Visitor: 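One structure follows; several queries about it will come next.
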There are 4 protein chains.
Amino acid sequence: MTTEQTPPVPGPKPLRADARRNRARLLEVAEAVFAEQGTGASTEEVARRANVGIATVFRHFPTKEALLEAVLIRRLEQLAEEGRRLLAESGPTEALFALFDLIVEASPVKNAFAAALADAGVDVGAAAAEAGHALHAVLSELLSGAQRAGAVRKDLEVPELIAILVGTARMLEHLDGHPASAARARAVVRDGLRPPVAG
Amino acid sequence: MTTEQTPPVPGPKPLRADARRNRARLLEVAEAVFAEQGTGASTEEVARRANVGIATVFRHFPTKEALLEAVLIRRLEQLAEEGRRLLAESGPTEALFALFDLIVEASPVKNAFAAALADAGVDVGAAAAEAGHALHAVLSELLSGAQRAGAVRKDLEVPELIAILVGTARMLEHLDGHPASAARARAVVRDGLRPPVAG
Amino acid sequence: MTTEQTPPVPGPKPLRADARRNRARLLEVAEAVFAEQGTGASTEEVARRANVGIATVFRHFPTKEALLEAVLIRRLEQLAEEGRRLLAESGPTEALFALFDLIVEASPVKNAFAAALADAGVDVGAAAAEAGHALHAVLSELLSGAQRAGAVRKDLEVPELIAILVGTARMLEHLDGHPASAARARAVVRDGLRPPVAG
Amino acid sequence: MTTEQTPPVPGPKPLRADARRNRARLLEVAEAVFAEQGTGASTEEVARRANVGIATVFRHFPTKEALLEAVLIRRLEQLAEEGRRLLAESGPTEALFALFDLIVEASPVKNAFAAALADAGVDVGAAAAEAGHALHAVLSELLSGAQRAGAVRKDLEVPELIAILVGTARMLEHLDGHPASAARARAVVRDGLRPPVAG
DNA sequence: AATGAATGAGCGTTCATTCAT
DNA sequence: TATGAATGAACGCTCATTCAT
C-alpha cells in the first residue's frame with residue numbers, strides 16, 4: 001500500500017532533465033546554506049554554491065520566500081516518509097522514538113534552520129500546509145500506537161508533540177559539543193513523555 | 001541587599017547622569033524593538049523609538065552586535081537578580097520552578113529574540129560571559145537545593161538545565177495561542193525533571 | 001494592385017511557410033503588448049502571448065530593438081498602404097484628412113508606443129527608413145494635392161506635416177476620455193492647417 | 001500681493017543647510033538625467049552626476065517614483081511662477097504666447113522628460129496635483145484674458161490648452177534641428193488658436 | 001528549426017556605520 | 001556631546017540574450 005500508483009495527472013509541466021537536476025541541487029544546497037548561515041543567507045550564496053547563475057535560482061523559485069518554503073516542504077516530506085518507513089519496520093513505540101531521535105538529532109544546524117523558518121512569518125503556503133498535514137498524520141499514527149502500547153502518556157496530542165520536537169531540537173542544539181549534558185537533557189524529555197506513575 | 005555596592009574599580013568611565021539615562025532607555029527600547037521585529041530590526045528604528053539620533057546609539061554601543069549583546073546581558077542580569085529574590089522569599093524548589101516559569105513564559109517574542117541572539121554567532125563577549133556566570137551561579141544554588149529536597153532528579157546539572165529552559169521556551173513559543181496544548185507540553189518537561197520513580 | 005509582385009531579388013532568405021506565419025503573429029502580438037504595457041514590456045511576455053518560445057522571438061528578431069523597429073516598420077507600411085487606398089477612393093483633400101484622422105485617432109496606446117519608439121534612440125535602420133520614405137511619398141502626394149485644391153496652406157511641407165501628426169496624436173492621447181476637449185483641440189489643428197485668410 | 005508672507009507653519013522639518021543644498025542639486029541633476037535618458041535612467045546615474053552616494057538620493061526621495069514626482073512638481077511650479085511673472089509684466093495675450101513659447105521651446109529633452117512623466121502611470125500624488133492646479137489657475141487667467149482681448153478663440157478651455165502645449169512640445173521636439181519646418185509647424189498651431197474668421 | 005533553461009549585468013532599495021555640523 | 005545627513009556594500013529581483021537539448 002505504500003507503493004504509490006501516481007496517476008498520470010499532468011501537473012505543472014514535466015521539467016527538463018537538466019532543470020530537474022538543478023532544482024534538486026538547489027534545494028540541497030539551499031538547505032545547507034540556510035542551516036549554516038540562517039535564513040538571512042543571501043540567495044546569491046545559494047547560487048554560488050550550487051554553481052548556477054543567480055537567475056537560475058529565481059527561475060526555479062520565484063522569490064526567496066518560495067525557496068525557503070520549498071526547503072521546508074522537502075524536509076517535512078522526508079520526515080513523513082521516514083516515519084512511514086519506520087512504522088513499517090517496527091512497532092509504533094520504537095518507531096516513534098526512533099523518529100523522535102531522527103528529527104531531534106539532525107545536525108543542529110538543520111534544526112536551527114527549521115526553527116528560523118518557523119520563526120519567520122513564513123506563512124506556509126498551501127503546499128507546505130499539505131506536507132505538514134502528511135507529517136501530522138504519520139505522527140498521529142505513531143503517537144496513538146505508542147499510547148495504546150502504554151509507552152506514552154495518554155493525554156498527549158500531536159500539536160504538543162511537534163512543539164516538544166521543536167523545543168528538544170533547540171535544546172540539543174544548545175548542547176552541541178556536550179554529549180553528557182545532552183544525554184541527560186534528553187532523558188528529561190524522554191521520561192516526561194512516559195505515562196506518569198500512579199500513586 | 002539590592003543596593004549594589006559598586007566597588008571603585010576604574011572601569012569603563014563613570015558615565016554622566018544624562019548619558020546613563022540615555023543608555024538605559026536605549027536598552028529598554030532595543031529589547032522591545034528586537035522582541036517585536038526580530039533582531040533584524042534596524043538600528044534606526046531603535047533610535048527613533050528612543051527619541052535619540054542614530055549616532056547616539058552608536059556612541060553608546062559601537063556596533064549593532066554590541067547593542068544586542070548589551071540587551072542580552074541586561075536580560076541575564078535581571079533573571080539572576082530575580083532568582084536571588086525568589087530564593088530569599090521561599091524554598092529552593094518553589095524558587096526554581098517559579099524562575100523556570102518566569103523565563104519560559106516571558107512573552108514568546110522575547111524568547112524569539114533570545115533564541116536569535118544565541119543562534120547568531122554572537123560570541124558573547126566577556127561581559128556577557130560574566131552575566132551568564134552570575135545566572136549560572138543562581139541556577140546552581142536553586143538546582144542543588146531542589147535536588148537536596150528531592151524535587152528534581154539528582155543527575156541534572158546546570159548546563160542542561162539552561163538548555164532545557166531554552167528548549168522549553170521555544171516549545172511554548174510554538175504553542176502560542178494554544179493554552180491546552182501548552183499546558184500538556186509543560187507537564188511533560190515538569191514531570192521529566194522529577195526524580196525517576198524507583199522501579 | 002495590392003498583390004505584390006515581389007521581384008526575385010535574393011534578399012534575406014525566403015522564409016519557410018510556418019516561419020513566416022510565426023513572424024507575422026509575433027509582430028501582431030508585439031504591437032499589442034507594447035501598446036498595452038509600453039516598450040518596457042518584456043520580450044518574454046511577447047513570446048508567451050504568441051505561444052512561442054523566447055528563443056523563437058530572438059531567432060526572428062536578433063535584439064529587442066530589432067523587434068521594436070520591425071513593429072514600427074509594419075505600422076509605417078500599413079499607413080502608407082492606407083494612404084494609397086484612400087487616395088484611390090477619393091480626392092486628395094478628403095484622403096489627407098481621413099488619413100490624418102486615422103493616424104491621430106489610432107488608439108492612444110498605439111501612439112504612446114510610436115512616440116516611445118521615436119523617443120528611444122531607435123536610430124531607425126535602413127528598412128525603417130525605407131518604410132518611412134514610402135509613407136513620406138504618399139503624404140507628399142496627398143499634401144500637394146490638397147494644397148492645389150486650396151484646402152491646406154501652401155507653405156506646409158511633409159516633414160512638418162509628420163511632426164504635426166505626431167504632436168496631434170500626443171495631444172489627443174492627453175485628452176483621452178475628454179471627447180469635448182479633444183474635439184476642440186483638433187479643431188485648432190485643423191483650422192491651423194487651412195490657408196490663412198487673406199486680409 | 002505676489003510677495004509671499006510665508007507664515008511660520010512648522011512644516012516637515014527645517015532641513016539642514018547641506019541637506020537642502022543636496023536636495024536642490026539632486027532635483028536639478030535628476031531633471032537633466034531623466035531628460036537626457038528618459039525616466040528609465042538609473043537612480044545611480046543621478047547620484048553619480050550629483051556627486052552623492054546612492055543612499056543620499058533615497059534619503060531625500062524614498063522611491064524613484066517620488067523623485068520623478070518631485071521633479072515634475074518643480075517644473076510645474078516653475079512654469080506657474082513664470083506665468084505669474086509674465087502676466088505682471090504685460091497684457092494677457094502677450095503673456096500667454098510668451099508662456100506658450102517658454103513651455104514649448106524648453107530644450108526638447110526637457111519635454112521628452114515631461115512627456116515620459118505623463119506617459120508613465122505616475123499617478124501624481126497630492127503635491128503634484130496641487131502644483132498642477134496652480135499652473136492650471138495661471139493658464140486659466142491668461143487664457144480668459146487673451147480671449148477677452150479677442151486674440152484667442154472663445155471656445156477654448158484650459159484642459160485642451162494644456163494638451164495643445166504638450167502636443168506642440170512633442171511636435172517641435174520632432175523637428176529639432178530643422179528650424180524652418182519648426183517655424184511653419186508652430187505657425188499652424190498659432191493660427192489655429194486664433195478666433196476663426198467670420199464667413 | 002524551435003524550445004526553454006541558464007546567464008549575469010543592472011536596477012531599486014535597505015542598513016550598519018562614519019562624518020560634518 | 002548629540003545630531004542626522006552621507007555613505008557604499010549588499011540584497012532581492014528582472015530581463016535581454018545565449019546555449020544545450
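So you know, we letter chains A, B, ... as the sequences are listed, proteins then strands, and number each from 1. These numbers were taken from a predicted model, which means no experiment stands behind them.
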Visitor: Ignoring backbone atoms, establish whether B:H60 has a side-chain N or O less than 4.0 Å from OP1 or OP2 of F:dA2.
Guide: no
Visitor: For B:T43 and E:dA16, is the shortest distance between a side-chain N/O and OP1 or OP2 below 4.0 Å?
Guide: yes
Visitor: Under 4.5 Å between any side-chain heavy atoms of A:L67 and A:F58, yes or no?
Guide: no
Visitor: Select one nucleotide: of F:dT18, F:dG12, F:dA6, the one nearest the side-chain heavy atoms of C:I54.
Guide: F:dT18
Visitor: Heavy-atom distance under 4.5 Å between the side chains of D:E69 and D:E65, does that happen here?
Guide: no
Visitor: Using heavy atoms to find the nearest nucleotide of DNA chain E for C:N22 and A:R59 separately, return the residue whose nucleotide is more 5′.
Guide: C:N22
Visitor: Measure CD/B:E65 against C1'/E:dT17 and give the value in whole Å, please.
Guide: 14 Å
Visitor: Taking the side chain of A:A55 as heavy atoms from C-beta outward, which of E:dT13, F:dC15, E:dA5 is closest to it?
Guide: F:dC15
Visitor: Which nucleotide, if any, forms a Watson-Crick or G-U wobble pair with E:dA20, using both distances under 3.5 Å?
Guide: F:dT3
Visitor: Taking D:S42's backbone N and O only, do any of them form a donor-acceptor pair with D:K64's side chain (distance below 3.5 Å, no angle check)?
Guide: no
Visitor: Does B:A66 reach a base, just sugar-phosphate, or nothing at all? Heavy atoms under 4.0 Å.
Guide: nothing
Visitor: Taking any heavy-atom pair under 4.0 Å as a contact, classify B:T56: base, sugar-phosphate, or nothing.
Guide: base
Visitor: F:dT17, F:dC13, F:dA6: which one has an atom nearest the side-chain heavy atoms of A:T63?
Guide: F:dC13
Visitor: Between B:F61 and B:R23, is there a side-chain heavy-atom distance shorter than 4.5 Å?
Guide: yes
Visitor: B:S42 side chain: which of E:dT13, F:dC13, E:dA16 is closest?
Guide: E:dA16
Visitor: Report the distance from atom CZ of B:F58 to atom P of F:dT7, rounded to the nearest whole Å.
Guide: 17 Å
Visitor: How many whole angstroms separate atom NZ of C:K64 from atom C1' of F:dT14?
Guide: 11 Å
Visitor: Could you check A:V57 against C:G53 and say which one's nearest nucleotide on DNA chain E is further toward the 5' end?
Guide: C:G53
Visitor: With the side chain of A:D18 defined as its heavy atoms from C-beta on, choose the nearest nucleotide among F:dG12, E:dT17, E:dA5.
Guide: E:dA5
Visitor: Atom CG of D:L26 and atom P of F:dA6: how far apart are they, to the nearest Å?
Guide: 8 Å
Visitor: Roughly, in whole Å, what's the span from CZ in D:R48 to C1' in F:dA6?
Guide: 17 Å
Visitor: Nearest to the side chain of A:V52 - E:dT7, F:dT17, E:dG12?
Guide: E:dT7
Visitor: So does B:A50 get a backbone contact from the side chain of B:R25, meaning a donor-acceptor N/O pair under 3.5 Å?
Guide: yes
